[in-house]
Number of protein chains: 2
Amino acid sequence: MLIDLTNSDKAAMRQKTPQKAPLRSSGKIGSDIRALRRSRNWTLNDLAEQLDRSVGWLSQVERNVSEPALDDIRKIAGLFSLPVSFFFTDAAVSDEAAYIVRAGSRRIMSDAPKGLAESLLSPDLGGAFEIVHSVFAPGAACPESFVRPTEEAGYVLEGSLVLFIDGVRFELYPGDSFHFAGEEITWINEGKTNAVLIWVIAPPVY
Amino acid sequence: MLIDLTNSDKAAMRQKTPQKAPLRSSGKIGSDIRALRRSRNWTLNDLAEQLDRSVGWLSQVERNVSEPALDDIRKIAGLFSLPVSFFFTDAAVSDEAAYIVRAGSRRIMSDAPKGLAESLLSPDLGGAFEIVHSVFAPGAACPESFVRPTEEAGYVLEGSLVLFIDGVRFELYPGDSFHFAGEEITWINEGKTNAVLIWVIAPPVY
DNA sequence: GTGATGAAAAAATCATTGAAAATTTCATTT
DNA sequence: AAATGAAATTTTCAATGATTTTTTCATCAC
């Protein structure tokens, strides 16, 4: 029988000393940081520089071998424009944490652009795509149009949203969905109620 | 100044004769077939064989250069377990067709496993992921558990669904979301009403 | 004991290259 | 116009070597 060892298998076998046990505390922060860094296409060095820390340290932090100081976390959250709370969401039941995100305990990503509240629908960052729950307040408008190197799609849950795709205006209502990739986008909620959408982005940008 | 020509640029320049204009009729069927074939990892040859047609013919059909006979379409739909109607959805307003799918005009993918009605929320197949609108009838259960080489996530719109991920039972309610990749999955709607979900699959399998 | 560093070791990434496979083109037939 | 078959073209894939990125670890600091 042939056994195909993956690289990590091989790496594991090669290790003489058991190494510090990865994962100490609640330990997911490191993985989040790694996913965020990757979504920005930064190297360990890129991020370490901005944090005034060594590459080795960051590597350990991202693999949950060592914990960053609170001050580092604040700096990191800032660099990714996320609230510090993002890194401390209470993981519900143990088993669930890996697969399920309950309606009441989503991780909040922003409330920044005044009028747009985004929260994460996936248990973790990383992966091929990310799903975001977005609430557009009445009157809220995209601060400036954007183009992203991603494939995106969405579905309107409540209210209505006006979406401009390459300048063409589309009014979306509950049940409508959209899809674009590479086009220039803007939006505005011209309604009197919240517009609630589910937004899928691949690859992840947050 | 250096100009970097893409392959298709070069191909275009090389052409002496303008070639048959790609796209004749409503023309999207070909692209759909191509996306479906690719999602199955079939080659032109694989599919052509099953259709008893030449590879060249299929190539032309998929590029919307030539049209398949109705009989071919029936055969193709069958091979992909899709209703023939799937290939003939009325594209709404011209501009919209490429980006928007209205609540009322989704392409129906199946009603087959008795109790699960799926329709497509993306304007077309292909791309990095696909979004499906799924309605699970009361009492409906997954005929048999499955494992797919995909990353999947979903969001519960209405009703409730019981999802088993690697044998662990999760009860999902409106607003809850889930995410898995590679695990063994089954589901059942134990409620008395439809369970309505949005399901994201990457890469596309339909 | 854990955080942190710096440098060596290991692993992953990336551009090439040649061979094989898949796809497109097109002259010809139905 | 559909359809074919074979030649031409393009894409894919595996192997290789050079780089870059990441991990490991001995060591110092708190």
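Just so we're clear, the structure is a prediction, and the values are computed from it rather than from any experiment. Proteins get letters first, then strands, A, B, ... in listed order; numbering begins at 1 in each.
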**Request:** Any chance you could measure B/Ile131, atom CD1, to A/Ile198, atom CD1, to the nearest 0.5 Å?
**Result:** 8.5 Å
**Asked** Below 4.5 Å, heavy atoms only, C-beta onward: do B/Asp72 and B/Val61 meet side chain to side chain?
**Response** no
**Complete:** Here the distance between atom C1' of C/dA11 and atom CZ of A/Arg63, to the nearest Å, is 12 Å
**Asked** How would you label the contact of B/Ser59 with the nucleic acid (heavy atoms, under 4.0 Å): base, sugar-phosphate, or nothing?
**Response** base
**Request:** Among the candidates D/dA2, D/dT24, C/dA22, find the nucleotide nearest to the side-chain atoms of B/Glu67.
**Result:** D/dA2
**Asked** Of all the choices, C/dA4, D/dT23, C/dT23, which nucleotide is nearest to the side chain of A/Leu44 once you look at every atom?
**Response** D/dT23
**Asked** Below 6.0 angstrom between ring centroids: does that apply to A/Trp199 and A/Phe129?
**Response** no
**Request:** Can you figure out which of C/dG3, D/dT22, C/dT23 approaches the side chain of A/Arg37 most closely?
**Result:** D/dT22
**Message:** Just the rounded figure in Å: distance from C1' of D/dT22 to CG of A/Leu47.
**Reply:** 13 Å
**Message:** For B/Tyr206 versus B/Leu36, what's the shortest heavy-atom pair and its separation?
**Reply:** C-CD2, 3.0 Å
**Asked** Taking CG from B/Asn45 and P from D/dT12, how many angstroms apart are they, rounded to a whole number?
**Response** 17 Å
**Prompt:** Just how far, in rounded Å, is C1' of D/dT22 from CG of A/Asp46?
**Reply:** 13 Å
**Asked** Between C/dT25, C/dT5, D/dT22, which nucleotide has the shortest distance from any of its atoms to the side chain of A/Arg53?
**Response** C/dT5
**Prompt:** To the side chain of A/Gln60, which of D/dT23, C/dT5, C/dT23 is closest?
**Reply:** C/dT5
**Message:** Of the options D/dT4, D/dT23, C/dT5, whose atoms approach the side-chain atoms of A/Arg34 most closely?
**Reply:** D/dT23
**Request:** May I ask you to verify if any side-chain N or O of A/Ser66 is less than 4.0 angstrom from the OP1 or OP2 atom of C/dG3?
**Result:** yes
**Asked** Over how many whole Å does the gap from A/Glu49 atom CD to D/dT22 atom P extend?
**Response** 13 Å
**Request:** Could you work out which one of C/dA4, D/dT22, D/dG5 sits closest to the side chain of B/Ser54?
**Result:** D/dG5
**Request:** Take atom CH2 of A/Trp57 and atom P of D/dT22, then tell me their distance rounded to the nearest Å.
**Result:** 15 Å
**Prompt:** Between D/dT22 atom P and A/Trp42 atom CH2, what is the distance in whole Å?
**Reply:** 13 Å
**Asked** When the distance from CG of A/Asn41 to P of D/dT22 is rounded to whole Å, what number comes out?
**Response** 11 Å
**Item:** Contact check, side chains of B/Phe164 and B/Glu184, non-hydrogen atoms, under 4.5 Å
**Value:** no
